Amino acid sequence: MIDEAEKAKLHVGYKQTVKALTEDKADRVYIAEDCDSHIKDGVGKTAAEKNTPVFFVPTMKELGNMCFIEVGASCAVILK
């Protein structure tokens, strides 16, 4: 889902995702289904308010792999 060309626009983690959303810089958001519910709900709600598409990934480990990192990730964002 995230290709090499988008790697430069990729930001990983809760704080960076929320910051990009609140600053209207997010093109789309990825959320791991197994992350803490307050992260899932908070990021999902903010994305909905900003009309930003949200894609769910089954596990944090899978999202980390998608983001080219060796650890799990709760959420990530592709910038506009």
Side-chain angles (χ1 to χ4, degrees):
M1 285 181 160
I2 300 172
D3 60 29
E4 284 290 329
E6 296 174 323
K7 197 173 180 178
K9 296 180 180 181
L10 174 66
H11 287 234
V12 182
Y14 176 74
K15 289 180 183 178
Q16 292 188 20
T17 300
V18 170
K19 182 178 179 184
L21 283 167
T22 56
E23 293 176 356
D24 285 325
K25 294 181 179 178
D27 181 55
R28 66 184 179 275
V29 173
Y30 294 93
I31 302 173
E33 291 178 0
D34 66 343
C35 72
D36 290 341
S37 61
H38 75 277
I39 292 174
K40 202 177 344 182
D41 296 342
V43 171
K45 180 180 176 186
T46 304
E49 290 170 356
K50 300 291 184 174
N51 295 318
T52 303
V54 176
F55 299 91
F56 288 94
V57 179
T59 67
M60 291 174 61
K61 182 167 180 63
E62 285 182 56
L63 183 55
N65 288 337
M66 281 177 52
C67 295
F68 311 98
I69 61 174
E70 295 182 16
V71 295
S74 59
C75 52
V77 62
I78 301 292
L79 301 178
K80 292 179 182 175

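The model shown is predicted, which means the values in this text are computed figures rather than measured ones.
- For residues 70-80, no pair satisfies salt bridge (Lys or Arg N to Asp or Glu O under 4.0 Å), with sequence neighbours left out.
- We find the CD1-CG distance between Ile2 and Leu10 to be 5.0 Å, quoted to the nearest 0.5 Å.
- Listed by chain and residue number, nothing satisfies the salt bridge (Lys or Arg N to Asp or Glu O under 4.0 Å) test with Glu4 (two or more places apart in sequence, or in another chain).
- Taking Asp3 as the reference, nothing meets the salt bridge (Lys or Arg N to Asp or Glu O under 4.0 Å) condition, with sequence neighbours excluded.
- Transitive grouping of hydrophobic side chains (ILVMFWY, heavy atoms separated by less than 4.5 Å) brings Val54 and Leu21 into a common cluster.
- With hydrogens and angles ignored, the 3.5 Å screen pairs no side-chain donor or acceptor of Lys40 with any backbone N or O of Ile31.
- Taking each heavy atom of Ser74 and Cys35 in turn, the nearest pair found is CB-CB, 3.7 Å.
- A donor-acceptor pair is defined here as one N or O able to donate and one able to accept, closer than 3.5 Å; such a pair exists between the side chain of Asp34 and the backbone of Met60.
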Item to complete: Assess whether side-chain contact (heavy atoms from CB on, under 4.5 Å) is satisfied between His11 and Leu79, documenting all intermediate values.
Response: CA-CA 8 Å; His11 287 234; Leu79 301 178; 3.2 Å; yes
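- With sequence neighbours left out, the side-chain contact (heavy atoms from CB on, under 4.5 Å) criterion links Val57 to Tyr30, Glu62, Leu63, Met66.
- Take Lys45 and apply the side-chain contact (heavy atoms from CB on, under 4.5 Å) test, not counting sequence neighbours, and it matches Glu49.
- Between Arg28 atom CZ and Glu6 atom CD the span is 4.0 Å, to the nearest 0.5 Å.
- Shown here are the side-chain hydrogen bond (donor to acceptor under 3.5 Å, both in side chains) partners of Lys19, two or more places apart in sequence or in another chain: there are none.
- Looking at Asp24 and Lys50, a side-chain N of the basic residue comes within less than 4.0 Å of a carboxylate O on the acidic one, giving a salt bridge.
- When each of Thr46, Val43, Ile39, Val77 is checked for a side chain to side chain contact (heavy atoms under 4.5 Å, CB included) with Val18, only Val43 meets the rule.
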